[in-house]
Amino acid sequence: MDTLTLLQHYWWFLIALLGALLVFLLFVQGGQALLCRLGHTEEERNMIVNALGRKWELTFTTLVTFGGAFFASFPLFYSTSFGGAVYVWMAILLCFVLQAVAYEYRRKPANVFGERMFDVFLMINGLLGPLLLGMAVGTFFTGAPFTVDRLNLANAEGGAVVISQWATPWHGLDAVANPRNWALGLSVALLSMILACQFLAHDIDDETIRLRIRSCMHRLAGGFVALFVIWLLCLLMADGWTADPATGAISAEPHKYLHNLLEMPVVAAMLVIGIAAVLGSIVMGWLGKRRAIWFGGTGTVLTVLALLLLAGWNDTAYYPSTADIQSSLTIRNSSSSLFTLKTMFWVSLFIPVVVAYIGYAWRALSRRPITREEIRGDGHQY
């Protein structure tokens with residue numbers, strides 16, 4: 001494996017890891033979606049919002065970092081998806097803007113809109129954020145209608161150069177028409193709510209809320225397992241797009257993702273262990289175990305990481321084009337130059353330092369569970 005190929009695989013792994021961490025951190029959105037279901041009084045809702053408020057910036061920062069890493073390492077995907085599927089990404093951006101505004105102004109003095117209006121903002125972000133992100137990631141497996149023409153770079157005579165174009169006027173809303181995207185989007189939304197229940201059971205010291213959490217998890221688990229199993233079976237039975245390593249020509253391959261699992265046993269083991277950990281965390285949550293969030297979080301990261309590696313490794317087109325199969329994007333034909341990937345490799349060596357800081361901040365902010373007495377005090381509150 002030459003240096004460029006090695007770095008392309010390395011950066012796809014990092015992007016997949018960031019995506020996996022993002023899905024785990026969506027428990028913040030899941031908690032917001034359940035705000036009125038778990039908090040029946042103003043005081044209880046304040047407890048939930050303040051527990052989630054300690055972590056919401058981690059989710060937002062990870063989302064931005066995920067997009068930035070894609071831009072730096074695979075710029076053709078960034079320009080094609082973020083520039084073409086503009087309606088979907090603008091909707092996602094709007095959801096997260098609502099979240100930021102709500103946490104900033106919800107408890108400010110002289111709040112003319114009242115807390116309930118900002119609670120609505122949080123619930124909109126909680127419901128639509130994971131759903132839209134899940135459907136957007138679903139297009140990694142189902143494809144999108146775009147075309148790429150690199151000859152435009154040579155034919156340009158001044159002005160802006162456009163090498164990728166969306167083939168329909170829907171600009172990303174095409175994903176709504178595919179039931180597999182809905183299945184993944186709803187799976188991510190339900191998983192975020194399950195993880196939120198586990199997180200809140202760990203970070204809130206209140207028996208009334210914990211009893212509601214256990215009841216809520218029973219209702220959420222069945223829907224999540226059914227949808228995810230259906231989506232996973234459809235994925236393993238579906239055709240995929242594969243690139244010829246010698247020529248770069250892309251063709252359809254029956255059961256491509258199943259073949260990827262069989263040809264990458266480490267990734268397959270990661271997927272199985274991740275799914276088992278998530279299912280085990282659900283059972284732990286039913287039993288009222290506060291440590292369930294750590295099993296659920298680890299399982300989520302392993303599962304999503306394995307699925308994204310299936311999408312991009314083993315000469316797989318991670319962003320298939322349904323308008324022109326040869327326009328499909330792979331980690332080979334969409335990456336930055338060798339110089340850029342090398343430079344970013346050295347920068348990426350600082351990632352463990354950042355992760356260590358996040359771990360320290362997480363532990364410091366979660367040292368004491370939130371209680372009703374804390375909410376009744378005069379300290380900082382969201």
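Remark: aromatic rings of Phe66 and Phe70 are close, center separation under 6.0 Å. Annotation: Tyr318 is in aromatic contact with Trp12 [ring centroid separation under 6.0 Å]. Checked against the 6.0 Å centroid threshold, Tyr10 and Phe13 do not count as a close aromatic pair. Residues Trp231 and Phe141 place their aromatic rings such that the two centres sit under 6.0 Å apart. A ring-centre distance under 6.0 Å is found for Phe77 and Phe140.
In this structure, Met344 is a member of the same hydrophobic cluster as Leu338, with clusters built from ILVMFWY side-chain heavy atoms closer than 4.5 Å. Linking ILVMFWY residues whenever their side-chain heavy atoms come closer than 4.5 Å, directly or via other members, places Ile282 and Ile275 in the same cluster. No continuous path of hydrophobic side-chain contacts links Leu127 to Leu94 [ILVMFWY only; heavy atoms under 4.5 Å].
Note that CH2 of Trp182 is 5.0 Å distant from CE of Met135, once rounded to the nearest 0.5 Å.
Thr300 and Thr303 share no side-chain donor-acceptor pair at under 3.5 Å. Side-chain polar atoms of Asn46 and Arg106 form a donor-acceptor pair below 3.5 angstrom. Under the 3.5 Å distance criterion, with hydrogens and angles disregarded, no donor-acceptor pair is assigned to the side chains of Asp324 and Ser321.
Under 4.0 Å is where a charged nitrogen must lie from a carboxylate oxygen, and between Arg290 and Asp203 no such pair does.
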| request: Assess whether side-chain hydrogen bond (donor to acceptor under 3.5 Å, both in side chains) is satisfied between Trp89 and Ser81, documenting all intermediate values. | output: CA-CA 9 Å; Trp89 291 112; Ser81 181; 3.1 Å; yes
| field | Residue pair Val278, Leu302: steps toward the side-chain contact (heavy atoms from CB on, under 4.5 Å) verdict | value | CA-CA 10 Å; Val278 171; Leu302 289 175; over 6 Å; no
| task | Assess whether ring-ring contact (aromatic ring centres under 6.0 Å, His included) is satisfied between Tyr319 and Phe146, documenting all intermediate values. | result | CA-CA 10 Å; Tyr319 201 42; Phe146 63 89; 5.0 Å; yes
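The aromatic rings of Phe27 and Phe24 lie tilted to each other, with the angle between the two planes from 30° to 60°.
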